[in-house]
Amino acid sequence: MASFCAYLLNPLIRWQVGRRLSGALGVSQVRAVFESTQLPGPRGVQYIAASVGAVDGEWVEAHAASGLVLFYLHGGGYVAGTPRTHRPITGGFAQRGLRVFAPEYRRPPEHPFPAAVEDGVAAYRGLLTQGIAPQSLAIAGESAGGGLALAVLLAARAAGLALPACAVLFSPWVDLTCTGETWQTNAQRDPMLRRVSAQQLARLYLKDAPPETPLASPLYADLAGLPPMLIHVGEREVLRDDATRLAERLRVVGVTAGLKIWPVVPHAWQLFPAFLPEARQSLEEAARFIRAHRRADL
């Protein structure tokens with residue numbers, strides 16, 4: 001059963017975020033929406049500027065670190081968002097015992113595809129070079145960051161790098177063709193995202209690449225051999241079909257894929273742990289999944 005806070009949050013998101021994103025006329029306005037709605041990270045967490053693999057970002061740490069490292073890729077339609085705007089999520093993971101690195105990957109239109117993937121792989125390689133064992137490393141992201149996390153896994157596999165122990169994807173955007181059925185069936189139920197706006201962001205990100213390009217739309221990639229994944233998505237989201245189709249395709253090729261569909265919650269609800277019980281629960285379940293998949297050969 002959904003919480004009262006979840007029902008209350010939807011109209012607030014529709015008014016404060018969805019309405020403004022729909023009316024945004026350019027990248028600067030989209031970025032302004034994200035910056036103006038930025039929420040503070042939790043108390044008792046440190047945010048330390050750093051560069052890993054020549055990619056700037058920040059380490060997010062709390063005193064209860066367990067030795068597990070999470071490589072977190074933020075969302076924002078590829079054009080917006082920063083590690084700072086996503087501190088409620090990275091800080092929430094740090095509170096749950098994970099040491100988190102969030103890169104500030106390059107964004108379009110200044111740096112279109114595949115710049116974000118290149119930065120993600122460079123930072124991931126940098127973590128391995130620092131001596132972080134892949135058995136104690138996980139990768140995660142939400143929305144466009146979820147799609148990017150999956151693309152980084154694919155590119156790392158192609159480069160012959162050791163893959164992390166597991167992955168967590170929150171409402172991943174893995175199909176830039178925007179052809180999932182829920183782009184239509186949930187068009188009025190999702191308080192934040194609209195297909196026309198998403199297609200505009202996809203064009204900025206892709207530039208000259210076809211939208212079915214596997215590293216841009218990982219739904220169309222060969223997914224065999226990837227690590228176990230946990231996928232969370234909202235039942236009312238336009239991206240619900242991206243998540244359900246991804247889980248199905250992972251399972252077909254033998255990848256363990258847990259899928260949980262949450263009632264009522266808006267897109268990227270994990271950004272609201274100070275207000276929303278479902279955000280805290282999602283972060284806790286994800287952290288538990290990561291701890292459970294820490295491989296025994298450490």
Side-chain angles (χ1 to χ4, degrees), residues 9 11-41 47 49 51 54-58 72-91 102-120 122-123 141-149 151-152 170-178 183 187 190-211 213 215-217 237-239 242 266-272:
L9 185 59
L12 292 175
I13 292 294
R14 188 180 299 275
W15 178 254
Q16 292 293 334
V17 182
R19 174 182 60 89
R20 296 171 64 195
L21 285 177
S22 296
L25 300 178
V27 170
S28 61
Q29 291 186 4
V30 173
R31 291 174 179 171
V33 172
F34 276 81
E35 294 293 336
S36 66
T37 56
Q38 177 177 327
L39 299 172
Y47 303 91
S51 178
V55 179
D56 290 339
E58 63 183 24
Y72 192 85
L73 295 148
H74 68 80
Y78 288 108
V79 308
T82 67
R84 293 174 296 283
T85 60
H86 285 67
R87 285 177 176 176
I89 294 178
T90 57
E104 192 151 9
Y105 58 83
R106 289 173 292 169
R107 307 175 302 185
E110 299 89 347
H111 304 284
F113 173 82
V117 180
E118 293 169 347
D119 285 356
E142 105 291 339
S143 195
L148 181 57
V152 168
F170 295 146
S171 306
W173 188 18
V174 293
D175 180 8
L176 270 58
T177 70
C178 300
W183 280 104
D190 189 315
M192 184 183 300
L193 303 180
R194 295 292 178 268
R195 187 177 183 181
V196 171
S197 299
Q199 289 172 326
Q200 292 173 343
L201 296 178
R203 285 192 291 270
L204 288 172
Y205 179 59
L206 293 163
K207 195 177 179 181
D208 299 323
T213 302
L215 287 183
S217 293
E237 291 193 63
V238 290
L239 285 175
D242 278 39
H267 180 64
W269 74 93
Q270 295 86 359
L271 282 165
F272 304 95

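Note that these values count all heavy atoms, side chains included, but never hydrogens, waters or copies made by symmetry.
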Practice task
Answer yes if the side chains of Ser171 and Glu142 hold a donor-acceptor pair under 3.5 Å, and no otherwise.
Solution key: no
Handout entry: Centroid-centroid under 6.0 Å between Tyr105 and His74 rings
Key = yes
Completion exercise
Between Val30 and Ala24 the two heavy atoms that sit nearest each other are CG2-CB, 3.7 Å
Fill in the blank from the handout: Between the CE atom in Met192 and the CD1 atom in Ile13, the distance rounded to the nearest 0.5 Å is 4.5 Å
Practice task
Check Asp242 against Pro172 and note the closest heavy-atom contact, atom names and distance.
Solution key: CB-O, 3.4 Å
Practice task
Quick one: pull up CG in Leu239 and CG in Asp190 and give me the separation to the nearest 0.5 Å.
Solution key: 7.5 Å
Practice task
Taking all non-hydrogen atoms of both residues into account, name the closest pair between Trp183 and Ala187 and its distance.
Solution key: O-CB, 3.5 Å
Handout entry: Side chain Thr213, main chain Ala216, donor-acceptor under 3.5 Å
Key = no
Practice task
Identify the heavy atoms of Ala198 and Cys178 that sit nearest to each other, and give their distance.
Solution key: CB-SG, 4.1 Å
Fill in the blank from the handout: CD (Glu237) and CH2 (Trp173) are apart, to the nearest 0.5 Å, by 13.5 Å
Exercise for the section: Verify, without hydrogens or angle tests, whether Asp56 (side chain) and Ser51 (backbone) share a donor-acceptor contact under 3.5 angstrom. Expected result: no
Handout entry: Any donor-acceptor pair under 3.5 Å from Thr85 side chain to Gly81 backbone
Key = no
Exercise for the section: For His267 and Ser143, test the side chains for any donor-to-acceptor distance below 3.5 angstrom and give the result as yes or no. Expected result: yes
Exercise for the section: Please determine if Arg84 and Glu58 form a salt bridge, counting it only when a charged side-chain N lies under 4.0 Å from a carboxylate O. Expected result: no
Practice task
Hey, could you give me the CG/CG distance between Leu193 and Leu21, rounded to the nearest 0.5 Å?
Solution key: 7.5 Å
Practice task
Measure the acute angle between the ring planes of Tyr205 and Tyr78, then classify it against the limits of 30° and 60° as parallel, tilted or perpendicular.
Solution key: parallel
Exercise for the section: Measure the CG-CD distance between Leu206 and Gln199 for me, rounded to the nearest 0.5 Å. Expected result: 11.5 Å
Problem - Check against side chain to side chain contact (heavy atoms under 4.5 Å, CB included), Thr82 and Glu35 - result: CA-CA 9 Å; Thr82 67; Glu35 294 293 336; 3.9 Å; yes
Exercise for the section: Might you point out which heavy atoms bring Val27 and Leu204 nearest each other, and give the distance in Å? Expected result: CG2-CD1, 3.5 Å
Exercise for the section: Identify the two heavy atoms, one from Arg31 and one from Val79, that lie closest to each other, and give their separation to 0.1 Å. Expected result: NE-O, 2.7 Å
Exercise for the section: Decide whether His86 and Gln38 meet the rule of one side-chain donor and one side-chain acceptor closer than 3.5 Å. Expected result: no
Practice task
Determine whether the side chains of Arg20 and Thr37 contain a donor N or O and an acceptor N or O closer than 3.5 Å.
Solution key: no
Problem - Side-chain heavy-atom pair Leu73, Pro103 within 4.5 angstrom cut-off - result: yes
Handout entry: Straight-line distance of Leu176 CG to Ser217 OG, nearest 0.5 Å
Key = 4.0 Å
